[in-house]
Trainee: 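Here it is, the structure in full.
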Amino acid sequence: MTEWKCVGASVIGNDHVRREKPCQDASAAIAAPRPAGIVCDGAGSAVRSHDGARAAVREFGIFLAGMEPMFAQFLDDELMPSDVAQGCWRHAATCLGNALCAAKKEVALREDGTKKPEDYDFTLAAVVVGKAYTGFVQVGDGAIIVREGGDNSVVFDPEKGQFANQTKFLTEKVIGTDAFKTTVIPTFHLNGMLLMSDGPQPLMIDLGSQRPGEIVNQMIDKLSDGGMGREDVIRYLSDSRWFKDPRGGDDKSIVVFARGEKDGDMDPQPMKKDSEEKKEVRYELRKRR
């Protein structure tokens, strides 16, 4: 039976290394109870956004387990009308948004009672895969790409403000507005997906046309064939191309999904402890400076 494979990673950007700032991105590729992925990019102006992004990723895994009975009812039901599935997913995504906001408040109170929840702000891009429908939710300037047949497209236009580097972040006020974007796509149509923060976008998406580059197909195909793991994602995001291009200095996150023919091929995270991974990436970045 065809199964989904997923893999992903977050890598600190050279600009953050140079300014001795932490990696403000966090991500996860989750295999069970169903394929799912999340990318959160902490607000550059929020002093503890890296903690908020990590708290959101942890909460996402907890949320998936708790919502599994509900997901099974509408994401896996092939007889479910699409408009009903859209409404059910919108409700589930709203619950997710509220859960992530609550996690942000909790970490603010636990780690430093003097900080406000907005000091932990982050963007959101997430996907939950079902047998019949796949649900997507996005807030801010990340990107979600889907491959239907051989054609790649961006699910939502990134939410950009009037000025450069201005975007929306997940807050209780944003949930319920047009900036809180949700949709479902029949899973049958999909054979690949990719989530990313805004960091990799200049070299992976034509920002004018929002057309994904060929690297997206290459990653999906490689993962489908079993030739890509988490270390390969880290290697790509730390490659010299990001240091040669002035747009490549931001933190970068990617989560890739592909259909494959082998059972049990998913690559759940983490493959190594976060602290070990960050030391390795920081060392590689410093060597290239």
Side-chain angles (χ1 to χ4, degrees), residues 8-28 38-59 100 103-125 140-143 158 160-161 163-171 195-204 230-255 269-289:
S10 297
V11 168
I12 190 169
N14 194 45
D15 289 349
H16 282 216
V17 174
R18 185 171 57 251
R19 291 182 286 165
E20 298 185 344
K21 295 180 63 176
C23 179
Q24 294 173 315
D25 276 16
S27 61
I38 184 171
V39 168
C40 295
D41 181 0
S45 59
V47 294
R48 300 296 292 275
S49 66
H50 54 290
D51 291 323
R54 293 169 193 161
V57 169
R58 290 193 298 270
E59 181 63 28
L100 300 188
K104 180 170 58 173
K105 288 182 179 179
E106 182 179 347
V107 74
L109 290 172
R110 184 176 68 248
E111 294 188 357
D112 189 340
T114 66
K115 296 292 189 298
K116 300 177 181 179
E118 52 264 36
D119 293 321
Y120 297 78
D121 276 350
F122 50 84
T123 65
L124 170 67
D141 57 4
K160 283 287 188 182
F163 305 102
N165 297 321
Q166 185 182 58
T167 189
K168 290 285 197 306
F169 301 102
L170 180 65
T171 65
L195 313 181
M196 68 174 76
S197 60
D198 68 326
Q201 291 182 39
L203 301 188
M204 295 187 72
R230 190 163 186 254
E231 295 298 329
D232 296 295
V233 176
I234 294 172
R235 192 175 300 112
Y236 169 75
L237 294 178
S238 335
D239 188 83
S240 61
R241 76 193 73 195
W242 304 102
F243 304 90
K244 295 176 181 178
D245 194 299
R247 303 168 297 172
D250 197 6
D251 299 332
K252 293 172 279 290
S253 294
I254 291 176
V255 177
Q269 296 184 32
M271 288 179 61
K272 62 163 73 174
K273 293 181 180 179
D274 287 345
S275 59
E276 294 174 352
E277 175 186 312
K278 287 171 186 173
K279 287 179 183 177
E280 175 183 309
V281 172
R282 283 179 183 272
Y283 175 70
E284 290 297 322
L285 289 169
R286 287 194 174 100
K287 283 200 305 183
R288 293 168 178 162
R289 284 171 53 188

Trainee: Can you list the residues that meet the salt bridge (charged side-chain N to carboxylate O under 4.0 Å, His left out) rule with R241, with sequence neighbours excluded?
Mentor: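 Expected list: D239.
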Trainee: To the nearest 0.5 angstrom, please state how far the CZ atom of F169 sits from the OG atom of S45.
Mentor: 5.5 Å
Trainee: Whether the side chain of Q201 engages the backbone of D141 through a donor-acceptor N/O pair (distance < 3.5 Å, no angle test) should be reported.
Mentor: yes
Trainee: Tell me, with the steps shown, if T171 and D121 meet side chain to side chain contact (heavy atoms under 4.5 Å, CB included).
Mentor: CA-CA 8 Å; T171 65; D121 276 350; 4.0 Å; yes
Trainee: Which heavy atom in Q24 sits nearest to a heavy atom in G44, and how many Å separate them?
Mentor: OE1-CA, 3.8 Å
Trainee: Could you tell me whether E231 and R235 make a salt bridge, using a distance below 4.0 angstrom between a side-chain N and a carboxylate O?
Mentor: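 R235 and E231: not salt-bridged.
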Trainee: What do the steps show when you test I254 against L195 for side chain to side chain contact (heavy atoms under 4.5 Å, CB included), and what is the final call?
Mentor: CA-CA 6 Å; I254 291 176; L195 313 181; over 6 Å; no
Trainee: Would you check if the side chain of S49 reaches a backbone N or O of A43 as a donor-acceptor pair within less than 3.5 Å?
Mentor: yes
Trainee: So, taking the atom named CG in D41 and the one named CE in M196, what distance separates them when rounded to the nearest 0.5 Å?
Mentor: 12.5 Å
Trainee: I need the R247 CZ to D198 CG distance, nearest 0.5 Å.
Mentor: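 Going from CZ on R247 over to CG on D198, the span is 12.5 Å.
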Trainee: Rounded to the nearest 0.5 Å, what separates atom CD in E118 from atom CZ in R48?
Mentor: 14.0 Å
Trainee: Looking only at atom types and distance, does a side-chain atom of W242 sit under 3.5 Å from a main-chain N or O of L203, one as donor and one as acceptor?
Mentor: no
Trainee: Answer yes or no: is there a donor N or O on one side and an acceptor on the other, between the side chain of K104 and the main chain of L170, under 3.5 Å?
Mentor: yes
Trainee: How long is the straight-line distance from CZ of R110 back to CG of D51, given to the nearest 0.5 Å?
Mentor: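 One finds 9.0 Å between CG of D51 and CZ of R110.
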Trainee: Taking all non-hydrogen atoms of both residues, which atom of F122 and which atom of A56 are closest, and how far apart?
Mentor: CZ-CB, 3.5 Å
Trainee: Side chain to side chain contact (heavy atoms under 4.5 Å, CB included), that's the test. Do Y236 and M204 meet it? Break it down for me.
Mentor: CA-CA 12 Å; Y236 169 75; M204 295 187 72; 3.4 Å; yes
Trainee: For D15 and D250, which heavy atoms make the closest approach, and how far apart are they?
Mentor: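 Closest heavy-atom pair between D15 and D250: OD2-N, 4.4 Å.
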Trainee: Judged by atom type as modelled, is there a donor-acceptor pair below 3.5 Å linking the side chain of S10 to the main-chain atoms of S253?
Mentor: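 A pair under 3.5 Å: no.
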Trainee: Could you pull out all residues at least two apart from S197 that satisfy side chain to side chain donor-acceptor pair (under 3.5 Å)?
Mentor: D25
Trainee: Between G140 and T167, what is the shortest heavy-atom contact and its length?
Mentor: CA-OG1, 3.3 Å
Trainee: With the threshold set at 4.0 Å, does a side-chain nitrogen-carboxylate oxygen contact exist between D119 and K116?
Mentor: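 Salt bridge between D119 and K116, a charged N being under 4.0 Å from a carboxylate O: no.
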Trainee: Looking only at heavy atoms, what is the nearest atom pair of L237 and A9, with distance?
Mentor: CD1-O, 3.9 Å
Trainee: Provide the closest heavy-atom pair for C23 versus H50 in the form atom of the first, atom of the second, distance.
Mentor: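 Heavy-atom minimum between the residues: O-CB, 3.4 Å.
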Trainee: Under the salt bridge (charged side-chain N to carboxylate O under 4.0 Å, His left out) test, which residues partner D251, sequence neighbours left out?
Mentor: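 For D251 there are no salt bridge (charged side-chain N to carboxylate O under 4.0 Å, His left out) partners, ignoring immediate neighbours.
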Trainee: Using side chain to side chain contact (heavy atoms under 4.5 Å, CB included), reason through V17 and I12 one step at a time and then give a plain yes or no.
Mentor: CA-CA 7 Å; V17 174; I12 190 169; 3.9 Å; yes
